[in-house]
Amino acid sequence: MAYVITQRCCNDASCVSECPVDCIRPTPDQPDFATTEMLYIDPDTCIDCGACVDACPVEAIFSEDDLPASLARFRDINASYFERHPLESNFDPIKTPARPPKDLGTLRVAIVGAGPAACYAADELLRRCDVEVEMIDRLPTPWGLVRAGVAPDHPGTKTVSKLFESAFRRETLQYYLNVEVGTHISHEELLEHHHAVIYAVGASSDRKMGVPGEDLPGSHSATEFVAWYNGHPDYADRTFDLSGERAVIVGNGNVALDVARVLTVDPDDLAKTDIADHALDALRGSNIREVVVLGRRGPLQAAYTSPEFLALVHLKGVDVIVDEADLALDHASQELLDDPMVEPSLKLKYTLAEEYAGGRRDPANKRIVFRYLASPTAVHGADKVESLEFVHNELFSEEGQLVARATDRTETLETGLVLRSIGYKGEAVADLPFDERRGVVPNEHGRVIAADGAPVNGVYVSGWIKRGPRGVIGSNRIDSEETVEQLIGDFTSGKLVAPQKDRAALKALIGERQQDLVDRDGWKAIDAAEKTAGKAAGRPRVKLTTREDLLKAARG
């Protein structure tokens, strides 16, 4: 019997170092780790010890004998990876992370942000140093996209927050929630109170389609919609027109699939999750029967991962539709698919599309329809969205890449709701250099770099604001380790300036400027209130979705 990694995998890679026979791939030191869809266990090498199960923060690993029916296919998915990548032992001595000498005293670090990148950085610091960490976030709640971005029907992915809750129990880490850098405290003031500041603020804006009519009522970003149904307090008052029978999502990454599921699954199933009550009420009254997902390239180049695409087959009362004509491949894509060394995940992506093309069609069911080689050209409507026009594309090779090129064929879909899901983009951080084109803070391995190429002393970045919006939740662990390594190296070598003011002074300063500060006790009170309401309703939690309600709960 072997263990199997499944769809929930977050690429945290905590399991890799725990495996006594080194049978989990890819490893963080391999080139394909940053872009892999998930990790895999070699069934021929696994000794059934279960060490990886205990290490997994999102409950993604199962014994093959205990796999539920919806995950059974992952047994073959794990095995097929090693058919393409035969296991070679990596039993090299594990490098011991640097630790600063004790005589340097306590390292003081402010982390701006409270999402996965921030939390992994804090966890790494707490494990390696005599350190005091202040975690600062403008929201009254921590966990960032784990709370406000992960789809409510993916509760297993949210369990990574338990890892952080456990690590952050000590007073060495303090929460400064509902505090905004630039409003309640400045960047310079943070440096006065700390040796270093790590910015882990993510990529908070989204990319535009750049077509006429994009700003009509009824045209939104998927970012807004996701934040709305997840109860983000900045989006709780948004409204979305669900009165029509069709919605169109532009883009076909995993976020697009999340949105398509939420729009089509039975609201009674969503009622068992932590979805925001206002969203659940709206979805109960929704008339949407069909969600069309547009991707600008072909089925092999689709941005969604194979595990998320596979999960759609298990949706109750929802048909997944792919037109067989859309599966016709250009010459270069066909050659890629026919290559004996093709990545198993890529082959699976196409195989699944074929299965959906020949699959069920029940007129009583709702539908998720995938359209490939399609790019929006205009959103039409008088005073609100009435239709979306798109052009059919063809693929051609340009410098080794398959690029979509518009043809002269266009099509129009009637719809009252258009959601764009074509990528996130970072926004400039006050007092820090910024690369507008890439949407990141310029850095070298996490050290912020000024316009003249010199490091900005004591200032670091982690997460999407560091590397751009790619990777999944667990990708931030390796990313944060790199940043913390640079920070500790600078502290050890004496490059960091000692703080002029202590922790008590910081608390007094922020407390004076933000009377609605939410600290550890305040967050515990919010968490307890939500879970208590959830228990009464048979749900994990009932989220408080306005700042007023969150702050009221924080005050007890």
Hey, what do you get for OG (Ser480) to OH (Tyr460), rounding to the nearest 0.5 Å? 14.5 Å
Sequence neighbours excluded, which residues qualify as side chain to side chain contact (heavy atoms under 4.5 Å, CB included) partners of [X]?
X: Ala332; value: Asp330, Leu402
X: Ala428; value: Phe434
X: Lys347; value: Leu337, Val342, Thr351
X: Val226; value: Tyr229, Asn230, Val255, Val259

Under the rule for ring-ring contact (aromatic ring centres under 6.0 Å, His included), what residues qualify as partners of [X], not counting sequence neighbours?
X: Trp228; result: Phe225, Phe240, His278
X: Tyr304; result: Phe309, Phe370
X: His232; result: Tyr235
X: Tyr81; result: Tyr40, His85

Pairs involving residues 42-62, ordered by first then second residue, that meet side-chain hydrogen bond (donor to acceptor under 3.5 Å, both in side chains) (sequence neighbours left out): Asp42-Thr45
What side-chain donor-acceptor pairs closer than 3.5 Å can you find for residues 313-320, not counting sequence neighbours?
residue : atom : partner : partner atom : Å
His314  : NE2  : Ser70   : O            : 3.1
Asp319  : OD1  : Arg360  : NE           : 3.1
Asp319  : OD1  : Asn365  : ND2          : 2.9
Asp319  : OD2  : Asp362  : N            : 2.6

Quick one: salt bridge (charged side-chain N to carboxylate O under 4.0 Å, His left out) pairs with a partner in residues 68-83, sequence neighbours left out?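 Non-adjacent pairs meeting salt bridge (charged side-chain N to carboxylate O under 4.0 Å, His left out): Glu64-Arg75, Arg73-Glu355.
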May I have all residue pairs that pass salt bridge (charged side-chain N to carboxylate O under 4.0 Å, His left out) and include part of residues 433-447, sequence neighbours excluded?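 Sorted pair list: Arg447-Asp490.
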Measure the shortest side-chain to side-chain distance between Cys52 and Glu18 over non-hydrogen atoms and say whether it is less than 4.5 angstrom.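 SC-SC contact between Cys52 and Glu18 ruled out.
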Note, Val448 side chain near Pro433 side chain (heavy atom, < 4.5 Å):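 They are in contact (side-chain heavy atoms under 4.5 Å apart), so the answer is yes.
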Salt-bridge contact Lys272-Asp153 (side-chain N to carboxylate O under 4.0 Å):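 So Lys272 does not pair with Asp153 through a salt bridge.
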